[in-house]
Student: 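Below you'll find the structure I mean.
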Amino acid sequence: FGFPALAAAAGTLLAAADGPRLAAMEMGGWDTHANQSDRLHGPLRQLDAGLVALREALGPAWRRTVVLVMTEFGRTVRVNGTRGTDHGTATVAFVLGGGVVGGRVRGDWPGLAAGQLFEGRDLAPTTDLRSLAKGVLAQHLGLGAAVLARVFPDSAAAAPMAGLLRG
């Protein structure tokens with residue numbers, strides 16, 4: 001089963017004319033404190049296969065779809081003593097789908113030199129992921145500032161990211 005089956009089922013439901021308009025899915029396996037190079041291939045394959053299954057199940061609805069892939073924590077830059085990485089600060093997120101203005105990296109690259117690391121160990125965060133999520137919700141679902149403020153309390157400094165989606 002796994003994530004590809006979950007994503008295919010979600011795509012089938014979302015593609016139905018009377019189906020839901022929003023879905024949230026989760027997959028584990030990303031907490032790689034040890035033997036990361038041996039363990040990371042599986043979750044990456046599951047994510048890849050799941051996104052393909054979602055797109056295939058959505059069919060023509062893919063043109064109007066926006067998918068936000070994100071995690072709640074980053075990884076450290078340096079490998080630890082057990083050949084893994086520990087919880088870090090910065091992370092990565094992906095926005096994909098037929099409705100997305102793609103092919104771009106949004107955010108600044110802070111660098112990996114010792115003096116550029118956050119707290120001497122992490123990739124420095126340059127973008128608040130709430131800005132990305134707010135931008136998707138505002139542009140795709142038409143949520144206004146008042147609703148976004150309720151969804152993301154105490155986040156006034158994280159303005160919705162513009163230009164993510166096609167008009």
Student: Between His33 and Asn80, is any side-chain donor less than 3.5 angstrom from a side-chain acceptor?
Tutor: no

Student: Let me confirm one number: the CD-CG distance from Glu72 to Leu129, rounded to the nearest 0.5 Å.
Tutor: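 Nearest 0.5 Å value for the CD-CG distance: 11.0 Å.
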
Student: Hey, quick one: are Leu68 and Val66 part of the same hydrophobic cluster, counting side-chain heavy atoms closer than 4.5 Å, chains of contacts allowed?
Tutor: yes

Student: Sequence neighbours left out, what pairs pass side chain to side chain donor-acceptor pair (under 3.5 Å) with at least one residue falling in residues 132-153?
Tutor: Lys134-Ser155

Student: Listed by chain and number, what are the side chain to side chain donor-acceptor pair (under 3.5 Å) partners of Gln36, not counting sequence neighbours?
Tutor: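 With sequence neighbours excluded, Gln36 shows a side chain to side chain donor-acceptor pair (under 3.5 Å) to Thr32, Thr85, given in chain and number order.
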
Student: Between Pro160 and Leu148, what is the shortest heavy-atom contact and its length?
Tutor: CG-CD1, 4.0 Å

Student: Show me the pairs that pass side chain to side chain donor-acceptor pair (under 3.5 Å) and involve residues 119-131, at least two apart or across chains.
Tutor: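 For residues 119-131, and leaving out neighbouring residues, the side chain to side chain donor-acceptor pair (under 3.5 Å) pairs sorted by first residue read Thr89-Asp122, Asp128-Arg130.
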
Student: Tell me, do Asn35 and Thr82 make a side-chain contact under 4.5 Å, heavy atoms counted?
Tutor: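 A side-chain contact under 4.5 Å is absent here.
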
Student: Which is it for Leu14 and Leu58 under the side chain to side chain contact (heavy atoms under 4.5 Å, CB included) test, yes or no, and what are the steps along the way?
Tutor: CA-CA 7 Å; Leu14 290 164; Leu58 282 165; 3.7 Å; yes

Student: Considering non-hydrogen atoms only, spot the tightest contact between Arg78 and Gly120 and give its length.
Tutor: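 Arg78 and Gly120 have their closest heavy atoms at NH1-O, 2.9 Å.
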
Student: Please examine the side chains of Phe152 and Leu137, heavy atoms only from C-beta on, and report whether any two atoms are closer than 4.5 Å.
Tutor: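 Yes, close enough: below the 4.5 Å cut-off.
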
Student: With sequence neighbours left out, write down each residue that passes salt bridge (charged side-chain N to carboxylate O under 4.0 Å, His left out) with Asp38, or none if nothing qualifies.
Tutor: Arg83

Student: With a 4.5 Å heavy-atom cut-off, do Leu112 and Leu123 have their side chains touching?
Tutor: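 Touching, per the 4.5 Å side-chain cut-off.
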
Student: For the hydrophobic clusters of this structure (ILVMFWY residues joined by side-chain heavy atoms under 4.5 Å, transitively), does one cluster hold both Trp109 and Leu117?
Tutor: yes

Student: Just by distance, do the side chain of Arg166 and the backbone of Gly98 share a donor-acceptor pair under 3.5 Å?
Tutor: yes

Student: Looking at Pro43 and Gly29, what are the two nearest heavy atoms and their distance?
Tutor: CG-O, 3.2 Å

Student: I'd like to know if the side chain of Glu56 reaches the main chain of Ala53, judged simply by a donor and an acceptor atom lying under 3.5 Å from each other, with no hydrogens or angles considered.
Tutor: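 Flag not set: sc Glu56 to bb Ala53 has no pair under 3.5 Å.
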
Student: For residues Val95 and Leu132, determine if any side-chain heavy atom of one lies less than 4.5 Å from a side-chain heavy atom of the other.
Tutor: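 Val95 reaches Leu132 side chain to side chain.
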
Student: How close do Ala124 and Pro110 get, heavy atom to heavy atom, and via which atoms?
Tutor: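 The pair with the smallest heavy-atom distance is O-CG, 3.4 Å.
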
Student: Do Arg106 and Leu164 come close enough that some side-chain heavy atom pair is under 4.5 Å?
Tutor: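 Yes - at least one pair of side-chain heavy atoms lies under 4.5 Å apart.
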
Student: Does any part of the side chain of Leu40, heavy atoms only, come nearer than 4.5 Å to the side chain of Trp30, both counted from C-beta?
Tutor: yes

Student: Under 4.5 Å between side-chain heavy atoms, hopping through other hydrophobics if needed: is there a path connecting Leu165 to Leu143?
Tutor: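 They do not share one cluster, since no chain of ILVMFWY contacts under 4.5 Å joins Leu165 to Leu143.
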
Student: Within the side chain of Thr76, is there an N or O that forms a donor-acceptor pair under 3.5 Å with the backbone of Asp86?
Tutor: yes

Student: Are Val100 and Val92 connected, step by step, through hydrophobic side chains (Ile, Leu, Val, Met, Phe, Trp, Tyr) whose heavy atoms are closer than 4.5 Å?
Tutor: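 Result: no, two separate clusters.
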
Student: Measure across Ala7 and Met25 and return the closest heavy-atom pair with its distance rounded to 0.1 Å.
Tutor: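 So the minimum-distance heavy-atom pair works out to CA-SD, 3.6 Å.
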
Student: Minimum heavy-atom separation for Pro20 and Leu13, please, with both atom names.
Tutor: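 Looking at all heavy atoms of both residues, the closest pair is CD-O, 3.4 Å.
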
Student: Are there more than 12 heavy atoms of other residues, nucleotides or ligands under 6.0 Å from atom CZ of Arg45?
Tutor: no

Student: Quick one: are Leu47 and Phe3 in side-chain contact, heavy atoms under 4.5 Å?
Tutor: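 Heavy-atom side-chain distance check passes, below 4.5 Å.
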
Student: Same cluster or not: are Met161 and Leu141 linked, directly or through other Ile, Leu, Val, Met, Phe, Trp or Tyr residues, by side-chain heavy atoms under 4.5 angstrom apart?
Tutor: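 Not linked; separate clusters.
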
Student: Under the side chain to side chain donor-acceptor pair (under 3.5 Å) rule, collect the residues that match up with Thr12, sequence neighbours excluded.
Tutor: none

Student: Is any side-chain heavy atom of Phe73 less than 4.5 Å from a side-chain heavy atom of Asp31?
Tutor: yes

Student: Would you check if the side chain of Arg21 reaches a backbone N or O of Gly19 as a donor-acceptor pair within less than 3.5 Å?
Tutor: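 Between the backbone of Gly19 and the side chain of Arg21 there is a qualifying donor-acceptor contact (under 3.5 Å).
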
Student: Got a sec, which pairs hit side chain to side chain donor-acceptor pair (under 3.5 Å) with one end in residues 58-69, sequence neighbours left out?
Tutor: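 Every candidate side chain to side chain donor-acceptor pair (under 3.5 Å) pair involving residues 58-69 fails, so no pair, neighbours aside, qualifies.
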
